[in-house]
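Structure first, then comments.
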Amino acid sequence: MCNMFKKKFLAWLIILLPGCVFGQSALEKQIQTQLIMAEDGAVITLPEGNIELSNTLWLDGKNHIVIQGAGMNKTILTFKHQLQGAEGLKVTNAKGIVLQDFTIEDSKGDLIKTQGVDSLVFRNITARWTGKPKSSNGAYALYPVQCKNVVIEYCTAIGASDAGIYVGQSDSVWVSHCTARNNVAGIEIENTTNAWVFENQSYDNTGGILVFDLPDLPKKQGGHVKVYKNQIIRNNHKNFAPKGNIVGKVPPGTGVMILATRDVEVYENRIWENRTASTAIVSYFISENPINDKSYNPYPAHIEVHHNIYSDTKMTPSRKNKLGLVFWLKFGRKVPKILFDGIENPDYLDANGMRKPAYQICIYDNLNGSFANLKADKKFKGISRDPIPYQCTF
Amino acid sequence: MVKICTGLLLLLALLSFSTIEKAPTGPLLRLSDYGFFQGKLADLTPAKGVVPYTVNMPLFSDYAEKQRFIYLPEGTKMQYDPKGAFDFPVGAVLIKNFFYYHDKRNPELGRKILETRLLMREKQGWKALEYLWDEEQAEAVMEIAGATLPVQWTDDRGKNIDLAYVAPNLNQCKGCHSYDGSFAPIGVSARQLNHEGQLEQWQQAGLLELPADFDAKNAPQLATMDDPNRDAAARAYLDANCAHCHNPNGPANTSGLFLNSPEVSPEHLGIFKPPVAAGRGAGKRKYGIYPGKPQESILLFRMESDDTGIRMPEIGRQLAHREGIALISAWIRDMGKK
């Protein structure tokens with residue numbers, strides 16, 4: 001009985017109900033109803049225009065659905081006056097979802113959150129907070145978490161108080177041809193395996209591209225991450241993350257930061273005029289957060305940084321940040337471009353104190369790629385600028 | 001307006017249902033169509049086969065009162081489960097009515113029922129349906145996309161409250177009623193239902209299959225709000241109000257914060273745990289729970305906030321729950337004394 005009934009019922013609802021509502025607009029109710037009632041395989045079109053929404057739009061438990069806007073500059077979903085729900089658009093427990101051709105802005109929490117989705121495309125979407133970047137903006141613009149087989153392409157993320165494009169606890173991900181600007185972190189890959197981040201532009205953020213592994217999470221370990229052919233330019237924005245969040249500790253002027261992740265390759269990027277840390281390879285200890293999770297590995301290993309192009313501009317590191325201040329004291333305006341915190345896991349070292357082959361950090365053939373081992377565990381005393389121990393390949 | 005809409009929907013109902021066979025399960029347009037209640041609908045007098053129940057620690061829903069019922073098809077039983085929700089036979093329906101007394105201090109002055117939520121056990125699993133009551137309290141009609149309903153009442157301190165009460169859309173139901181990505185009931189578990197012989201009575205009435213060695217004293221049982229054991233009360237409160245999402249199989253497992261009772265390690269409970277993806281929800285505080293310091297604990301920040309991007313639970317709460325905040329504050333303060 002159900003299908004016949006549902007179709008007929010849905011049709012009537014869409015025709016009749018919009019007038020019977022208080023709190024949400026007729027169009028909002030219509031879109032939300034379509035999302036709830038969608039049959040697998042449906043294409044849900046968002047009309048052209050500025051669409052005011054009061055509540056999270058939510059798609060759950062569906063297969064093979066396309067949410068199709070009329071174009072990035074034509075369909076604008078705005079949550080400026082959101083009354084309920086934290087996210088703008090949410091997709092959960094689904095398979096084969098395509099979100100494309102619209103702009104979404106000003107939600108109270110994240111703009112688009114997808115959780116537990118297999119085979120997912122974000123394409124040609126602008127996700128932004130309007131106005132000046134501020135800590136009351138939501139955390140993430142595009143936020144797939146616990147997803148697999150994810151493509152994020154030709155998207156733009158602006159103004160996130162955590163990360164513009166944030167891929168968390170996911171597997172098999174492409175982020176390409178996207179633009180991230182005026183976020184705290186432009187693009188962040190966290191506790192995620194098999195991620196390729198390429199041909200993006202990340203500029204005017206606090207940090208350009210971050211690859212992090214954090215403790216206490218269900219998906220324990222990221223890795224197999226490639227970051228290549230990106231333009232990572234002038235990420236010198238003030239850090240406006242609400243305090244307490246780990247990105248709040250990222251120094252303004254960070255190009256690429258690899259934190260506690262293993263198997264990461266950073267190559268052929270243009271990493272330009274990031275004033276504090278063009279490329280930093282650090283352990284979780286640098287966050288000074290306690291580690292309670294016994295299964296957590298706080299050390300970076302199996303890292304390869306090569307064929308990147310750094311600017312040779314002299315720049316003053318940010319002194320608003322503890323690390324930046326140390327750099328200022330130690331290096332003045334000549335901060336080396338590639339920095340390793342130097343905190344070593346004894347299990348990674350051989351009898352001579354050198355890293356065993358599988359755990360090496362390899363740095364080579366970078367233009368203007370000066371290097372320093374910061375010896376952060378020795379209070380930054382005895383900083384070594386010798387690149388020789390890091391000349392290796394995998 | 002409401003009248004016209006209801007009329008329209010009733011007409012729609014007649015049109016739609018003239019062509020289909022009325023089935024015992026599946027969506028019906030009006031609450032009265034199911035026959036769960038006899039006499040005047042708003043009295044919520046259960047019909048045969050419909051059983052009222054109560055829980056140890058209710059979920060806070062903006063001070064709404066709740067009346068809960070279970071419908072079991074004739075000759076069927078629930079199966080006991082010591083951990084999660086009981087196993088229900090196909091055709092069973094959980095019925096939850098949300099209402100406010102006009103004056104909380106004097107329930108006899110009457111009440112206004114706002115919504116009735118159904119969870120139906122179908123062959124493929126659970127399904128949620130939502131019914132909104134009309135102004136006359138004569139009927140409740142199915143709603144899919146949720147609604148905002150203005151409501152006024154006088155609270156237990158004599159204060160007049162005006163609230164734009166939010167009835168959820170069907171996806172929001174699943175926001176809480178989710179286990180490993182599938183729809184699931186929450187409150188019909190041993191820990192919530194085990195009190196005052198409720199389970200034993202059901203067994204005697206043939207509604208519930210209890211294990212032969214069932215012993216209510218040793219079976220899971222959440223504390224009530226006024227339990228003198230504050231730790232037990234606080235853990236029960238977190239279990240009922242947070243753990244439907246914050247458990248290892250729930251939608252908030254991305255955070256690593258698990259508040260299900262009782263088997264959770266200190267770090268998963270939030271003790272000295274930094275936030276992961278909380279954004280401004282962290283409120284400049286460093287840890288989920290900072291023992292001894294409720295005002296430096298993120299848990300309290302999110303319980304106290306009325307900002308939709310910060311407050312917890314994400315859905316179903318606009319007002320701060322004074323009693324809950326007092327309980328969790330005292331509990332966190334206690335931790336500092338140990």
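So you know, we letter chains A, B, ... as the sequences are listed, proteins then strands, and number each from 1.
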Turns out that what part of Phe183(B) lies under 4.5 Å from chain A's heavy atoms comes down to neither

Applying a strict 4.5 Å limit to non-hydrogen atoms, the region of Ala277(B) in contact with chain A is both

Query raised in the report: Quick check: does any side chain N or O of Asp60(A) sit under 3.5 Å from a backbone N or O of Asn171(B), one acting as donor and the other as acceptor?
Result: no

Closest non-hydrogen atoms of Pro251(B) and Gln115(A), given as atom of the first, atom of the second and distance, are O-NE2, 2.5 Å

Whatever's closer than 4.5 Å to a heavy atom in chain A on Leu170(B) counts as both

Applying a strict 4.5 Å limit to non-hydrogen atoms, the region of Ser265(B) in contact with chain A is neither

Lys29(A) side chain vs Gly146(B) backbone, donor-acceptor pair below 3.5 Å:
yes

The interface call for Gln318(B) against chain A, heavy-atom contacts under 4.5 Å, is neither

Under 4.5 Å to a heavy atom of chain A? For Ile271(B) that would be backbone

Scanning both residues in full, the closest heavy-atom pair of Ala278(B) with Asn245(A) reads N-OD1, 3.9 Å

Thr308(B) side chain vs Gly85(A) backbone, donor-acceptor pair below 3.5 Å: yes

- Query: Side chain of Gln169(A), backbone of Thr254(B): donor and acceptor closer than 3.5 Å?
  - Reply: yes

**CA sep, side-chain torsions, deciding dist, call: Asp216(A), Lys273(B), salt bridge (Lys or Arg N to Asp or Glu O under 4.0 Å)** = CA-CA 8 Å; Asp216(A) 299 320; Lys273(B) 179 186 175 302; 5.2 Å; no

With chain A, the option among Ser255(B), Ala164(B), Gly283(B), Gly256(B) that has the most non-hydrogen atom pairs under 4.5 Å is Gly256(B)

> Taking atom NZ of Lys220(A) as the centre, does the number of heavy atoms from other residues, nucleotides or ligands within less than 6.0 Å exceed 12?
Replying inline: yes

Determine whether a donor-acceptor pair (N or O, by modelled atom type, separation under 3.5 Å) exists between the side chain of Arg280(B) and the backbone of Lys108(A).
yes

Check: Is a side-chain N or O of Asn292(A) found less than 3.5 angstrom from the main chain of Glu267(B), in a donor-acceptor match?
Finding: no

Checked Val276(B), Asp307(B), Ile315(B), Asn253(B) vs chain A; the most non-hydrogen pairs under 4.5 Å come from Asn253(B)

So, the part of Val166(B) with a heavy atom under 4.5 Å from chain A: the answer is side chain

Note: Gly279(B) and Ala139(A) closest approach over all heavy atoms is CA-CB, 3.7 Å

